[in-house]
Amino acid sequence: MKNIKLKMARVEKDLSQEELARIVGVSRQTIGLIELGKYNPSLSLCIAICKALSRTLDDLFWDE
C-alpha cells in the first residue's frame, strides 16, 4: 500500500526524496520504496522520518 501521507508531508516541507534521505541517513531509493509501499522501514527509521517532517508516527505510518 502506497504511503501517500509520507509523500505529502515531504512535499509540504519542500524536500526531495534525496534531501529527506540525507537527513535520515538512508538512500534516496529507500525513501522512494517506502513511499511506494515496497519497503517496511524499521521503527528507528520511522521515528527519524517523523522528526525530520515534524509529524507523529500516527500521522505518517498508521493505516486508518
Side-chain angles (χ1 to χ4, degrees):
M1 186 162 145
K2 289 186 180 184
N3 192 332
I4 302 299
K5 295 184 283 186
L6 172 56
K7 184 173 183 175
M8 294 302 294
R10 177 178 58 76
V11 170
E12 286 173 13
K13 280 278 198 176
D14 198 29
L15 293 172
S16 67
Q17 287 181 349
E18 182 80 34
E19 291 166 327
L20 178 58
R22 189 170 46 253
I23 291 167
V24 300
V26 297
S27 69
R28 181 204 54 79
Q29 290 85 351
T30 299
I31 299 298
L33 289 172
I34 294 169
E35 289 182 0
L36 289 172
K38 295 185 176 188
Y39 179 79
N40 191 14
S42 67
L43 181 58
S44 61
L45 178 53
C46 289
I47 292 169
I49 290 170
C50 288
K51 285 181 180 180
L53 298 177
S54 302
R55 298 293 174 92
T56 67
L57 286 169
D58 285 348
D59 290 342
L60 298 181
F61 296 101
W62 190 257
D63 287 335
E64 299 188 12

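- A donor-acceptor pair under 3.5 Å links the side-chain atoms of K5 to the main chain of W62, judged by distance alone.
- We find the CG-NZ distance between L36 and K7 to be 8.0 Å, quoted to the nearest 0.5 Å.
- When all heavy atoms of L60 and C50 are compared, the pair lying nearest together is CD1-SG, 3.9 Å.
- Proximity of D59 to L53: side-chain heavy atoms (C-beta onward) are nowhere separated by under 4.5 Å.
- Under the 4.5 Å side-chain contact rule for hydrophobic residues, L20 and I4 do not share a cluster.
- Closest approach of F61 and P41 over heavy atoms only: CE2-CG, 4.2 Å.
- For the pair I34/I49, a side-chain contact is recorded, criterion being any heavy-atom separation below 4.5 Å from C-beta on.
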Identify all side-chain donor-acceptor contacts of residues 8-17 below 3.5 Å with residues at least two apart in sequence or on another chain.
from : atom 1 : to  : atom 2 : distance (Å)
R10  : NE     : E35 : OE2    : 2.6
R10  : NH1    : L15 : O      : 2.9
R10  : NH2    : E35 : OE1    : 3.2
R10  : NH2    : E35 : OE2    : 3.3
E12  : OE1    : R55 : NH2    : 2.5
K13  : NZ     : S54 : OG     : 3.2
S16  : OG     : E18 : N      : 3.4
S16  : OG     : E19 : N      : 3.0
S16  : OG     : E19 : OE1    : 3.4
Q17  : OE1    : R28 : NH1    : 3.4
Q17  : NE2    : E35 : OE1    : 2.9

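- Between A52 and V24 the shortest heavy-atom distance is CB-CG1, 4.1 Å.
- L57 has its side chain within reach of C46: a pair of non-hydrogen atoms, C-beta onward, lies under 4.5 Å apart.
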